[in-house]
J.: 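If you scroll down you'll find the structure; I have some questions about it.
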Amino acid sequence: MNKIILALDTTNLEEAIAITKKIKSKIFTIKLGLELWNAHGKGGVKKFNEIGITNLMLDIKMKDVGTTVYKAIKALDDINFGFLTIHGQGGKVMIDEAKKAASEIKCKPIIMMVTILTSLNDEDLKDMGNENSVAIQVENLARVAKEKEIGIVCSGQEAKTVRKILGPNLLIFTPGVRMEADDKNDQKRVCTPTETIKNGADKIIMGRSLL
């Protein structure tokens, strides 16, 4: 169970706190996404800090000018969290600025690069004018992550290839994890927990399948 990151995709802070209290000893940590962040911001994160969750994954997928990302991360100095997501497509300069800022705030979170959202597939990318497949784009971004020494967020389907590129030390977190009988909902590139771990992921991000 310590490989599970519980996704709390909700705006209901009280409910999220109650769920976390019940299962925090059975999971690695929790993931707070844009819904809760936009509703409660740093005040919401502090509520989790108060119940002992200081390594949470802040999944706000930053993507902006490098200087802006640097300042945005520096503004998080008064909360505790362990992991922060940025979009790999923001470029190397943005990644450098994110790493620099993360090293300068008190909690020193690990930067995790989001590759291609698990709600997208090859057809979706073609519709957006991208000729390369999901697999190729994830591989390219994984090479950047290796160069910059940051973790990766990718589908379990790509985790095996990403692990070969990253080597054994950099982290791989995988969303879009579903039990075999589960609905895919808005996810397109899904993988079971067993397959995901077998493919080389360090942690699996699950929400609807557990709640």
Side-chain angles (χ1 to χ4, degrees), residues 1-10 12-13 15-37 40 42 44-62 73 76 79-86 88 98-99 102 105-115 117-118 142 145 149-160 162-163 166-180 182 185 187 189-211:
M1 289 294 283
N2 66 357
K3 289 188 177 294
I4 293 177
I5 297 175
L6 178 64
L8 295 173
D9 296 319
T10 178
N12 190 325
L13 181 59
E15 180 183 27
I17 292 289
I19 292 170
T20 302
K21 284 181 177 179
K22 288 180 181 179
I23 66 169
K24 65 179 183 177
S25 64
K26 300 178 181 179
I27 59 174
F28 173 67
T29 193
I30 60 169
K31 178 184 82 74
L32 300 186
L34 283 174
E35 291 177 46
L36 196 143
W37 177 254
H40 302 284
K42 291 194 289 184
V45 174
K46 288 176 181 178
K47 291 293 184 182
F48 288 96
N49 293 165
E50 289 171 5
I51 63 169
I53 305 295
T54 58
N55 69 332
L56 63 84
M57 179 181 181
L58 189 54
D59 184 27
I60 54 179
K61 300 181 179 72
M62 291 187 176
I73 295 173
L76 303 176
I79 56 175
N80 288 309
F81 57 104
F83 307 91
L84 177 68
T85 57
I86 63 172
K99 284 187 64 180
I105 62 176
K106 292 174 185 176
C107 63
K108 294 180 170 46
I110 294 172
I111 297 295
M112 300 295 295
M113 175 204 285
V114 175
T115 53
L117 299 176
T118 50
E149 298 184 323
I150 58 174
I152 280 277
V153 179
C154 68
S155 164
Q157 295 180 14
E158 295 104 39
K160 191 172 185 179
V162 169
R163 176 56 68 202
L166 294 186
N169 298 322
L170 296 175
L171 294 172
I172 299 175
F173 290 178
T174 54
V177 178
R178 295 286 189 274
M179 301 298 188
E180 288 187 4
D182 289 346
N185 302 111
Q187 302 295 313
R189 299 188 341 274
V190 301
C191 213
T192 67
T194 301
E195 291 170 334
T196 301
I197 295 299
K198 185 178 179 181
N199 285 347
D202 295 286
K203 308 296 179 185
I204 57 177
I205 302 168
M206 300 184 70
R208 296 170 215 182
S209 296
L210 300 178
L211 299 176

J.: So which heavy atom on T174 is nearest to which on A201, and how close?
T.: CG2-CB, 3.6 Å

J.: With side chains defined as the heavy atoms from C-beta onward, is the minimum distance between F83 and L171 less than 4.5 Å?
T.: yes

J.: Quick one: does K24's side chain have a donor or acceptor within less than 3.5 Å of a partner on I51's backbone?
T.: yes

J.: Might you work through the side-chain contact (heavy atoms from CB on, under 4.5 Å) test for L6 and I19, ending with a clear yes or no?
T.: CA-CA 10 Å; L6 178 64; I19 292 170; 3.8 Å; yes

J.: What pairs with K198 under salt bridge (charged side-chain N to carboxylate O under 4.0 Å, His left out), at least two apart in sequence or on another chain?
T.: none

J.: Is T85 reaching over with its side chain to a backbone N or O of I60, donor-acceptor style, under 3.5 angstrom?
T.: yes

J.: Answer yes or no: are there more than 12 heavy-atom neighbours, outside K160 itself, under 6.0 Å from its atom NZ?
T.: no

J.: Please give me the minimum heavy-atom distance between C191 and T196, naming the atom from each residue.
T.: CB-OG1, 3.3 Å

J.: Looking only at heavy atoms, which two atoms of A7 and I205 are closest? And how far apart?
T.: CB-CG2, 4.0 Å

J.: Kindly give the heavy-atom pair with the smallest separation between K203 and N2, and that separation in Å.
T.: NZ-O, 3.1 Å

J.: Quick check for you: to the nearest 0.5 Å, what is the distance between L13 atom CG and E15 atom CD?
T.: 10.5 Å

J.: Let me confirm one number: the CD1-CD1 distance from I30 to I4, rounded to the nearest 0.5 Å.
T.: 14.0 Å

J.: In terms of heavy-atom contacts, does NZ of K42 have more than 12 from other residues, nucleotides or ligands at under 6.0 Å?
T.: yes

J.: Has D202 got a side-chain atom pairing as donor or acceptor with I172's backbone, closer than 3.5 angstrom?
T.: yes

J.: Using side-chain heavy atoms (C-beta onward) and a distance below 4.5 Å, is D59 in contact with F173?
T.: no

J.: Could you pull out the closest heavy-atom pair between L56 and F81, with the gap in Å?
T.: O-CB, 3.6 Å

J.: Does K31 use its side chain to pair, donor to acceptor, with the backbone of M206 at less than 3.5 Å?
T.: no

J.: Under the 3.5 angstrom rule, does the side chain of R163 hit a backbone N or O of E158 as a donor-acceptor pair?
T.: no

J.: Look at the side chain of N199 and the backbone N and O of A159, then say whether any donor-acceptor pair between them is shorter than 3.5 Å.
T.: no

J.: CG/L32 to OG1/T20 distance, rounded to the nearest 0.5 angstrom?
T.: 7.5 Å

J.: I need the minimum non-hydrogen distance between A142 and L166, along with the two atoms involved.
T.: O-CD2, 3.5 Å

J.: Is it the case that over 12 heavy atoms from other parts of the model lie below 6.0 angstrom from the CD atom of E35?
T.: yes

J.: Out of curiosity, I53 CD1 to N80 CG, how far, rounded to the nearest 0.5 Å?
T.: 11.5 Å

J.: Looking at side-chain heavy atoms only, is the closest gap between I150 and L170 below 4.5 Å?
T.: no

J.: Near K108 NZ, under 6.0 Å, is it more than 12 heavy atoms from other residues, nucleotides or ligands?
T.: yes

J.: Can you confirm whether L76 sits close enough to L58 that some side-chain heavy atom of one is under 4.5 Å from a side-chain heavy atom of the other?
T.: yes

J.: How many angstroms lie between atom CG of N49 and atom CG of N55, to the nearest 0.5 angstrom?
T.: 10.0 Å

J.: Testing V153, I152, I86 one by one against V114 for a side-chain contact (heavy atoms from CB on, under 4.5 Å), which residue passes?
T.: V153

J.: Between CD1 of I204 and CD of E195, what distance do you get to the nearest 0.5 Å?
T.: 11.5 Å

